[in-house]
Every structure is written in C-alpha cells, then in structure tokens.
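Input: a single structure, listed below in structure tokens.
Nothing here was measured: the structure is a model prediction, and the numbers come from that model.
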Amino acid sequence: KKEKMTKKDLIDLIASTSNLLDEREYIEEYIEALDRFIKSSGENKGLSEKEVMEGYQKFKAEKSSKELISISQRYGIEPNSLEAFVNKIMERMIFDGEKLIDLLEPLNLSWRERTEKELALMDELVPLLKKMADGREIVGLKAYE
C-alpha cells in the first residue's frame with residue numbers, strides 16, 4: 001500500500017531491520033543522497049520498499065568500494081589487491097593472517113614496519129569488514145578487534 005513517510009520515518013524503518021542496526025550513518029547518508037537525486041531529477045514519484053532497499057544495497061557497495069580505494073592509497077597497496085583480499089574474506093567469512101602478510105609483501109618492509117602497518121591497516125579494515133558482513137561473524141577477525 002502507498003504510504004507517505006518523512007525522511008526520519010524512512011531512516012527509522014530501514015535502520016530497524018535487524019541486519020542494519022549498526023548502519024544508521026550509512027542509511028542517513030543514503031536517504032540524503034536519494035532526496036537530493038529526487039529533487040534534482042524533478043521526479044516526485046514514490047519508491048517501493050523493495051526499490052529503496054535495493055538502492056541502499058547498491059549505495060553501500062559503492063561506498064565500501066570507495067573506502068577500500070582510499071585505504072589502499074593511504075597504505076600504498078594496490079587497490080585491486082586490497083579489494084581481492086577483502087572479497088576473499090567476505091566470500092569465506094574467514095580472516096587469513098597469511099593473506100594479510102602476502103598483501104603487504106610488495107612494500108618490502110622490515111618485520112617491525114610490517115607489523116605496525118598491519119595493525120594500522122586492520123584498525124581501518126575491521127569496521128568496514130563488519131559492516132560488509134551484515135552481522136555475521138568473520139572467523140579469525142577477533143585478533144584485530
């Protein structure tokens with residue numbers, strides 16, 4: 001059925017979904033972007049719940065991709081390598097520390113520099129991985145939490 005909702009109502013509705021409880025910030029950003037798009041396009045047609053949720057999933061994937069590129073640039077890692085590393089984790093839902101070592105191998109760091117870079121990188125990756133996991137556990141990630 002059709003129902004008019006305010007942005008706050010829509011944010012609350014989406015955020016109330018059990019697997020999206022930790023994503024309120026992303027949801028608010030998506031709704032603001034959606035609102036700007038609707039206003040700029042001149043269209044004022046309503047969206048179904050399915051359209052909103054599909055749009056949000058696409059928005060979240062694009063945001064995660066941009067975050068990965070930003071992280072890769074900060075750490076001097078090839079964006080494709082970092083994306084492959086993260087995709088493998090998400091595919092298996094298992095964090096493999098050996099793959100992290102392999103990821104940083106091209107940087108030719110001493111063991112101390114590598115350890116510092118690993119810890120700093122994982123400080124940034126853990127929250128992103130958790131968001132991508134949608135509440136599911138990633139085995140082996142607790143070591144970096």
Side-chain angles (χ1 to χ4, degrees), residues 3 5-41 43 45-145:
E3 189 175 316
M5 300 181 100
T6 65
K7 284 193 287 189
K8 184 184 180 324
D9 292 337
L10 186 56
I11 291 167
D12 291 342
L13 174 71
I14 297 171
S16 69
T17 306
S18 63
N19 65 335
L20 302 176
L21 293 174
D22 297 332
E23 299 182 21
R24 187 170 190 92
E25 185 179 309
Y26 272 21
I27 294 167
E28 289 173 355
E29 193 175 331
Y30 168 66
I31 298 301
E32 286 300 320
L34 187 61
D35 189 43
R36 284 191 303 273
F37 171 74
I38 290 171
K39 286 178 182 174
S40 70
S41 71
E43 290 185 39
K45 76 171 187 103
L47 298 173
S48 70
E49 182 179 347
K50 181 181 177 190
E51 290 171 318
V52 171
M53 293 305 281
E54 286 173 355
Y56 175 66
Q57 293 303 323
K58 182 179 176 187
F59 171 84
K60 191 168 83 167
E62 288 171 0
K63 185 153 178 71
S64 294
S65 180
K66 288 177 185 174
E67 284 184 49
L68 281 176
I69 290 168
S70 177
I71 291 170
S72 70
Q73 290 171 345
R74 278 195 298 283
Y75 290 91
I77 301 168
E78 283 294 317
N80 291 339
S81 298
L82 183 59
E83 186 176 4
F85 172 72
V86 168
N87 287 342
K88 194 66 162 176
I89 292 170
M90 299 312 300
E91 179 183 302
R92 298 175 57 222
M93 296 304 289
I94 298 172
F95 174 78
D96 184 349
E98 292 297 317
K99 299 293 182 192
L100 178 60
I101 292 170
D102 294 344
L103 178 68
L104 297 174
E105 181 71 30
L107 301 178
N108 295 318
L109 302 170
S110 70
W111 68 269
R112 182 171 287 160
E113 292 169 323
R114 191 194 77 238
T115 300
E116 289 171 2
K117 194 159 275 219
E118 279 178 15
L119 294 173
L121 175 62
M122 290 309 295
D123 276 348
E124 291 194 50
L125 279 182
V126 167
L128 181 61
L129 289 168
K130 285 181 151 193
K131 282 181 184 176
M132 293 172 77
D134 287 331
R136 298 172 293 162
E137 181 184 358
I138 298 174
V139 177
L141 197 59
K142 286 198 186 292
Y144 288 97
E145 292 183 80

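Across Arg136 and Met132, no two heavy atoms sit closer than the pair NH2-O, 4.0 Å.
Rounding to the nearest 0.5 Å places CG of Leu141 at 7.0 Å from NZ of Lys130. Between the NZ atom of Lys60 and the NZ atom of Lys131 there is a distance of 9.5 Å, given to the nearest 0.5 Å. To the nearest 0.5 Å, the span separating CG on Leu109 from OG1 on Thr115 amounts to 9.5 Å. How far CD1 of Ile69 is from CG of Leu82: 9.5 Å, rounded to the nearest 0.5 Å.
Ser70 meets the side-chain hydrogen bond (donor to acceptor under 3.5 Å, both in side chains) test with Arg74; sequence neighbours excluded. By the side-chain hydrogen bond (donor to acceptor under 3.5 Å, both in side chains) test, Glu116 pairs with no residue at all, sequence neighbours left out. The side chain to side chain contact (heavy atoms under 4.5 Å, CB included) check on Glu32 picks up Lys7, Arg36, with sequence neighbours excluded. Listed by chain and number, the residues in a salt bridge (charged side-chain N to carboxylate O under 4.0 Å, His left out) with Glu28 are Arg24 (sequence neighbours excluded). Not a single salt bridge (charged side-chain N to carboxylate O under 4.0 Å, His left out) links Glu105 to another residue, sequence neighbours left out. For Glu118, the salt bridge (charged side-chain N to carboxylate O under 4.0 Å, His left out) partners two or more places apart in sequence, or in a different chain, are Arg114. Applying the side-chain hydrogen bond (donor to acceptor under 3.5 Å, both in side chains) rule to Tyr30 yields no partners; only residues at least two apart in sequence or on another chain are considered. In this structure Tyr75 satisfies the ring pair (Phe, Tyr, Trp, His ring centres under 6.0 Å) test with no other residue, sequence neighbours excluded. When the side-chain hydrogen bond (donor to acceptor under 3.5 Å, both in side chains) test is applied to Lys63, the partners found at least two apart in sequence or on another chain are Glu29.
Sequence neighbours left out, not one pair with a member in residues 76-94 passes side-chain hydrogen bond (donor to acceptor under 3.5 Å, both in side chains). Sorted by first and then second residue, the ring pair (Phe, Tyr, Trp, His ring centres under 6.0 Å) pairs involving residues 99-141 (not counting sequence neighbours) form an empty list.
Using a 4.5 Å heavy-atom cutoff, the side chains of Pro79 and Leu68 are not in contact. Contact check for Glu67 versus Glu124: no side-chain heavy atoms found under the 4.5 Å cut-off. Residues Leu119 and Tyr144 form a side-chain contact, since some pair of their non-hydrogen atoms from C-beta on lies under 4.5 Å apart. The shortest side-chain heavy-atom distance between Leu128 and Val86 does not fall under the 4.5 Å cut-off.
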Practice task
Go through the steps to decide whether Leu125 and Phe85 satisfy the test side chain to side chain contact (heavy atoms under 4.5 Å, CB included), and finish with yes or no.
Solution key: CA-CA 11 Å; Leu125 279 182; Phe85 172 72; 3.9 Å; yes
Would you give me the side-chain donor-acceptor pairs under 3.5 Å for residues 93-103, sequence neighbours excluded?
unit_1: Asp96; atom_1: OD1; unit_2: Glu98; atom_2: N; d: 3.0

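Side-chain atoms of Ser65 do not come within 3.5 Å of backbone N or O of Ala61 as any donor-acceptor pair.
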